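A short write-up of the structure that comes next.
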Amino acid sequence: DAGVTQSPTHLIKTRGQQVTLRCSPKSGHDTVSWYQQALGQGPQFIFQYYEEEERQRGNFPDRFSGHQFPNYSSELNVNALLLGDSALYLCASIGTSGYNEQFFGPGTRLTVL
Amino acid sequence: RKEVEQDPGPFNVPEGATVAFNCTYSNSASQSFFWYRQDCRKEPKLLMSVYSSGNEDGRFTAQLNRASQYISLLIRDSKLSDSATYLCVVSGSGSARQLTFGSGTQLTVLP
């Protein structure tokens, strides 16, 4: 049983560019949350997707957008990249049985130059 | 004020020591409570959930005090493999049950 997968593992972009990160949840999981983890900080909630819609959003600007596909995989898009967007982006997969455990993928490390 | 605050650390302890981490949270409507462990440059992994009655998993004991909005983690007989960052996490009351993380406390167990 594959766990949560994310791609790419690393990415380098320049200011003003756009980036798309991808996540495939664990088999049988239908909900995906995205988190941003800056160096030395805990992860911060960006948004959650369920049934192909954004269910809840954290305190992030509209430059951050997402999508969920019918197979439950998800994308995170960030437009007009800023230096401060450099971080580890984590995807968490949640099963239908509840929220007691959210399984995290290995993350995508984004560097904005 | 941060929603979840932890001891800043870092904690450097010898093998076999007992170490305690503390955490406070500000949202009294928080529903669920956890400790996650994060190894360097890896993803967070659930260490244990925390219940009001207190719970133990081997060398790890977690406590929750809802009245004072305080969470703790005790690690007994520390092993080298316990070296990691420990994240205090609370879950919200909204439909998404988003996780709110503390900044983490770094633990290094020394030989």
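Lettering follows sequence order; numbering is per chain, from 1. Because the structure is predicted, anything quoted here is derived from the model rather than measured.
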Open item on the list: Testing the basics here: between P44(B) and L90(A), what is the closest heavy-atom pair and its distance to 0.1 Å?
Closed with: CD-CD1, 3.8 Å
- [ ] Answer yes or no: are there more than 12 heavy-atom neighbours, outside Y72(A) itself, under 6.0 Å from its atom OH?
- [x] no
TODO: Give a yes or no on whether V50(B) and F21(B) share a hydrophobic cluster (residues Ile, Leu, Val, Met, Phe, Trp, Tyr; joining criterion: side-chain heavy atoms under 4.5 Å apart).
DONE: yes
TODO: For atom CZ of R59(B), decide whether the heavy atoms of other residues, nucleotides or ligands shown that lie under 6.0 angstrom number more than 12.
DONE: yes
TODO: Consider only side-chain N and O atoms of Q38(B) and Q37(A), and report whether a donor and an acceptor are under 3.5 Å apart.
DONE: yes
TODO: Kindly give the heavy-atom pair with the smallest separation between L87(B) and G42(A), and that separation in Å.
DONE: CD2-CA, 4.2 Å
Open item on the list: Using a 6.0 Å cut-off, check whether atom CG of L113(A) has over 12 heavy atoms from anything other than its own residue.
Closed with: yes
TODO: Determine whether more than 12 heavy atoms belonging to other residues, nucleotides or ligands lie under 6.0 Å from atom CG of N71(A).
DONE: yes
- [ ] To the nearest 0.5 angstrom, please state how far the CD atom of Q98(B) sits from the CD atom of Q102(A).
- [x] 9.5 Å
Task: Cluster check L76(A), Y50(A): I/L/V/M/F/W/Y, side chain < 4.5 angstrom - done: no
TODO: Please tell me if the side chains of Y35(A) and E43(B) come closer than 4.5 Å, counting only heavy atoms from C-beta onward.
DONE: no
- [ ] State the CG-CZ distance between L46(B) and F103(A), to the nearest 0.5 angstrom.
- [x] 8.0 Å
TODO: Kindly compute the distance separating NZ (K2(B)) from CD (Q41(A)), expressed to the nearest 0.5 Å.
DONE: 4.5 Å
